[in-house]
S.K.: 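Sharing a structure below in structure tokens format, with a few things to ask.
Treat the numbers as computed from the prediction; the structure is a model and nothing was measured. First listed ligand is number 1; within each ligand, the first listed atom is number 1. Counting from 1, the numbers follow the sequence of the chain as shown.
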Amino acid sequence: MPTRVRSHAKINLGLAIGAPRRDGFHALTTVYQTLELHDVVTVTARRAGTRAIRLTSSDARVPLDRKNTAYKMVELVLDELGVAADVLVDIDKRLPVQGGMGAGSANAVAALVGLEVELAALSSTGNKGPRDQGTEAGTRELGTSRWQARRLEVAAQVGSDVPLFLIGGTVLGVDRGQEVYPLPDLEAMWCVVALPEVGVSTPQAFRDWDALCASDGLTEEGSAGKLNELSRAYASAFAEAIPGGGVGAGSSGVLSAGKDLAGPQESALVRAGISSWIQNDFERVVFSQHPSLAEIKRLLAASGKPEAALCAMLSGSGSALFGLYRTKGDAEAAQARLQSASVASALTKTLPRREYWGQMLL
Ligand code: C5P
């Protein structure tokens with residue numbers, strides 16, 4: 001039986017980047033937030049004498065070889081568990097490819113979750129021959145706490161923004177983005193994602209950032225203090241904003257998903273004042289390359305108006321931008337503004353941790 005898994009998108013509620021490091025990466029401090037918006041990844045695993053991994057996708061732009069993060073994940077997990085199986089991964093693409101929404105990284109985690117379910121089913125059914133002993137031993141490993149820690153390391157090997165999808169909800173990301181900590185969950189909020197036609201290359205955006213650091217004289221050591229301070233500010237702001245929410249708490253339960261956010265309840269983002277100080281450093285380099293994206297941010301924000309966004313900014317290195325809103329009506333008004341400027345958009349909601357895991361398997 002194939003296993004179908006929702007592969008949710010993320011946005012960055014602020015992204016501060018340090019100067020380039022000697023290892024080619026950049027230290028950063030960010031808050032990731034998962035969204036309801038998702039691709040669907042279907043995993044099928046069969047017993048086999050030798051390992052075989054095949055990928056299919058509804059979108060021709062998705063690579064079907066080792067370049068695909070889902071491929072890398074399956075390969076690493078089978079290696080790690082010492083399991084030989086014939087694995088088929090289908091990616092039904094609904095999210096933008098290279099949009100700054102972590103779609104490829106989420107696909108990798110969905111493939112991992114689907115593979116775990118498939119391997120568990122394989123070991124509990126069918127005629128088992130001598131060649132299945134490896135599968136049995138590997139599958140027993142899946143239930144252990146050692147595997148829970150190991151899969152985070154495997155995810156970090158696949159990509160910097162893969163591990164966040166093993167936590168879900170509101171997540172603090174530091175180091176190169178792979179070191180993740182669950183934050184007290186923000187309540188579900190209406191979110192509009194603008195999907196501009198221009199593409200932004202993440203490596204190019206980092207190179208442009210490097211040029212800016214060089215001209216500003218920002219060094220690795222100089223930026224470390226700023227990033228650490230910001231991590232502390234995020235952790236304490238989120239803990240204070242969410243009643244009873246220590247770091248590591250699950251869904252806040254302030255509002256259940258599906259309810260409108262109109263009413264006396266202010267968003268935790270506003271309560272903490274976070275919406276006034278978060279920013280995405282990539283905007284400094286990406287907006288100068290693509291001025292149309294700065295205009296889309298302005299349309300999403302509607303600053304000074306009653307229907308203004310709680311915050312609006314670029315997600316990751318873009319090109320997707322998002323706005324968060326108090327009510328569905330405010331979000332729909334933002335979509336109408338984008339539509340009159342011929343910018344495609346999607347209406348969604350932020351997805352707290354409990355719902356993220358509760359809705360993952362289809
Ligand atoms: O980790 P991931 O494969 O997603 O990174 C892709 C590229 O993005 C890296 O090779 C690096 O050039 C850049 N990157 C970076 N700093 C980060 C994350 C990614 O410079 N924190």
S.K.: Under 3.5 Å, is there a donor-acceptor pair linking the side chains of S160 and Q178?
M.R.: no

S.K.: What heavy-atom pair brings P196 and A320 nearest, and what distance separates the two atoms?
M.R.: CD-CA, 4.1 Å

S.K.: Can you sort out the partners of Y356 under ring-ring contact (aromatic ring centres under 6.0 Å, His included), two or more places apart, ordered by chain and number?
M.R.: H8

S.K.: Considering only heavy atoms, which protein residues lie less than 4.0 Å from any atom of ligand 1?
M.R.: G24, F25, H26, L28, G159, S160, R176, F206

S.K.: Ignoring hydrogens, what is the shortest heavy-atom contact between V41 and S7? Give both atom names and the distance.
M.R.: CG2-CB, 4.0 Å

S.K.: So H26 and F206, would you call those rings parallel, tilted or perpendicular, with 30° and 60° as cut-offs?
M.R.: parallel

S.K.: Ignoring hydrogens and geometry beyond distance, is a side-chain donor-acceptor pair present between D39 and N107 at under 3.5 Å?
M.R.: yes

